Protein chains: 2
Amino acid sequence: MLYSKYCEYSIRALAYLGANSQKKNYLLVKEISEKTNIPCAYLHKIFQDLASNTNWIVSKKGRNGGVTMSIESRKIKLMDIIKLCDGVQTIRKCIFGGEKECKAHPKCKMYEYCSYILNEITTFYEKTTLDVIAKMDPF
Amino acid sequence: MLYSKYCEYSIRALAYLGANSQKKNYLLVKEISEKTNIPCAYLHKIFQDLASNTNWIVSKKGRNGGVTMSIESRKIKLMDIIKLCDGVQTIRKCIFGGEKECKAHPKCKMYEYCSYILNEITTFYEKTTLDVIAKMDPF
DNA sequence: TTTAAACATTATAAAAAGGTCTTTTTATCC
DNA sequence: GGATAAAAAGACCTTTTTATAATGTTTAAA
């Protein structure tokens with residue numbers, strides 16, 4: 001619940017892709033789906049979105065087609081994926097609700113109070129790149 | 001996105017209630033709804049659920065009725081509310097997905113890797129009680 | 001006995017998650 | 001080169017969950 005399912009899937013799929021697609025090696029969506037336990041059709045949509053909104057992956061239609069990473073996986077942070085899928089506000093919001101409230105009280109004490117943990121979470125997502133995950137061999 | 005809207009509302013509503021209902025002082029749901037910016041009908045349901053699943057609040061029907069806190073607000077932690085509304089797994093799950101995966105790999109390195117930040121978050125929710133919030137006067 | 005309040009139930013809306021089927025692209029086989 | 005098969009892309013649909021609204025019922029104090 002730290003992020004949406006869509007986002008969770010994106011992270012898993014990209015981590016797998018990063019770990020297993022050496023350059024010019026196209027992987028089948030079906031294979032990735034099975035290995036990462038993500039519904040195949042849904043994964044298709046995720047890769048479509050990733051392909052059209054980022055330069056992280058390249059897909060190839062037709063025989064011998066598939067999906068491959070087009071950037072080094074150490075360059076993709078969890079934070080990048082979360083921002084893309086769920087938006088920035090996902091993380092940087094007061095436990096008390098949206099930013100709206102906080103802007104109404106620019107010196108909102110609640111927000112100050114939360115900021116320590118929000119910073120910790122942010123740092124964690126910033127420092128965790130896909131290759132860090134790959135090294136843990138979670139598949 | 002750290003928790004559901006339902007949970008966020010519950011926190012806000014309880015915080016307001018804790019801060020404003022001295023014992024035996026019943027507050028109108030309508031008033032709470034306006035002050036906390038929660039849709040009135042929805043708030044009704046939240047209070048119903050709280051009344052039947054916890055011993056935190058008491059409601060009184062009829063004229064001069066309303067809702068009041070039946071426990072000291074320093075005894076309610078954010079964690080309690082989150083557990084109640086969204087379930088424990090909300091917090092204590094690996095960034096890689098459910099516990100299922102982690103149980104399959106009992107020594108899952110990903111889970112180990114996450115546990116620091118998960119502990120930080122848990123601690124934050126454990127230490128933040130409703131009276132801590134009330135002291136910040138966020139309404 | 002009226003009236004103000006919570007309670008209960010049902011319906012609606014919107015978003016998230018997932019599935020199905022058709023189209024397009026592309027390598028390979030003949 | 002044309003046929004074929006394998007793959008992603010794309011459009012559309014269904015289901016589930018979440019959030020909200022509306023409406024009537026019950027309770028109890030004045």
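Chain identifiers are assigned alphabetically (A, B, ...) following the order of the sequence lines, protein sequences preceding nucleic acid strands; residue numbering begins at 1 within each chain. Computed from a predicted structure; not experimentally measured.
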Fill in: A:Glu120 versus B:Tyr116, side-chain donor and acceptor atoms under 3.5 Å
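Per modelled atom types, B:Tyr116 and A:Glu120 side chains form a pair under 3.5 Å.
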Rounded to the nearest angstrom, tell me the gap between atom [atom1] in [X] and atom [atom2] in [N].
X       : N      : atom1 : atom2 : result
B:Leu43 : C:dC7  : CG    : C1'   : 14 Å
B:Lys5  : C:dA13 : NZ    : P     : 19 Å
A:Ile46 : D:dG10 : CD1   : C1'   : 16 Å
A:His44 : C:dT22 : NE2   : P     : 16 Å
A:Tyr3  : C:dA16 : OH    : P     : 17 Å
B:Ile32 : C:dA6  : CD1   : C1'   : 12 Å
A:Leu28 : C:dA27 : CG    : P     : 15 Å
B:Glu8  : D:dA19 : CD    : C1'   : 12 Å

Discussion item. At under 4.0 Å between heavy atoms, how does the protein contact nucleotides 21-30 of chain D? Give one character per nucleotide, 5' to 3', with B, S or -.
Written reply: B-----BSBS
Practice prompt. Map A:Gly66 and B:Tyr9 onto DNA chain D by nearest heavy atom, then report which one ends up closer to the 5' terminus.
Written response: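 Its nearest nucleotide being more 5', the pick is A:Gly66.
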With sequence neighbours excluded, residues passing salt bridge (Lys or Arg N to Asp or Glu O under 4.0 Å) with [X]:
X        : answer
B:Lys135 : B:Asp131
B:Glu34  : B:Lys30
B:Lys75  : B:Glu72
A:Lys60  : none

Worksheet item: Does the side chain of A:Tyr26 get closer than 4.0 angstrom to OP1 or OP2 of D:dA8 through an N or O atom?
Response: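 Negative; the distance criterion is not met.
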Item to complete: May I ask you to verify if any side-chain N or O of A:Ser59 is less than 4.0 angstrom from the OP1 or OP2 atom of D:dA9?
Response: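 Looking at the OP1 and OP2 atoms of D:dA9, one of them is under 4.0 Å from a side-chain N or O of A:Ser59.
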Worksheet item: For A:Tyr113, which residues count as a side-chain hydrogen bond (donor to acceptor under 3.5 Å, both in side chains) partner, sequence neighbours excluded?
Response: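 side-chain hydrogen bond (donor to acceptor under 3.5 Å, both in side chains) check on A:Tyr113 returns B:Thr128.
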Practice prompt. Would you please name every residue forming a side-chain hydrogen bond (donor to acceptor under 3.5 Å, both in side chains) with B:Asp49, sequence neighbours left out?
Written response: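 Expected list: B:Tyr6.
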Item to complete: Give me the bend of the helix from C:dT1-D:dA30 to C:dC30-D:dG1, using the axes of the five pairs at each end, rounded to 10°.
Response: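 Rounded value for the end-axis angle: 10°.
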Worksheet entry | Partners meeting ring pair (Phe, Tyr, Trp, His ring centres under 6.0 Å) with B:Tyr16 (sequence neighbours left out) |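 With sequence neighbours excluded, B:Tyr16 shows a ring pair (Phe, Tyr, Trp, His ring centres under 6.0 Å) to B:Phe139, given in chain and number order.
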Discussion item. Going by side chain to side chain contact (heavy atoms under 4.5 Å, CB included), A:Ile76 matches just one of A:Ile81, A:Thr129, A:Thr54, A:Ile11. Which one?
Written reply: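 With A:Ile76 as partner, A:Ile81, A:Thr129, A:Thr54, A:Ile11 yield a single side chain to side chain contact (heavy atoms under 4.5 Å, CB included), made by A:Ile81.
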Item to complete: Go through D:dA8, D:dG10, C:dC7 for me and flag the one nearest to the A:Gln48 side chain.
Response: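 Taking heavy atoms from C-beta onward, the closest nucleotide is D:dG10.
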Discussion item. Can you tell me which nucleotide in D:dA8, D:dA19, D:dT20 comes closest to the side chain of B:Ser4?
Written reply: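 Nearest to the side-chain atoms of B:Ser4, counting from C-beta on, is D:dA19.
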Practice prompt. Could you check whether B:Tyr6 gets within reach of a base, just the sugar-phosphate, or nothing at all, counting any heavy atom under 4.0 Å?
Written response: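 Contact class for B:Tyr6: sugar-phosphate only.
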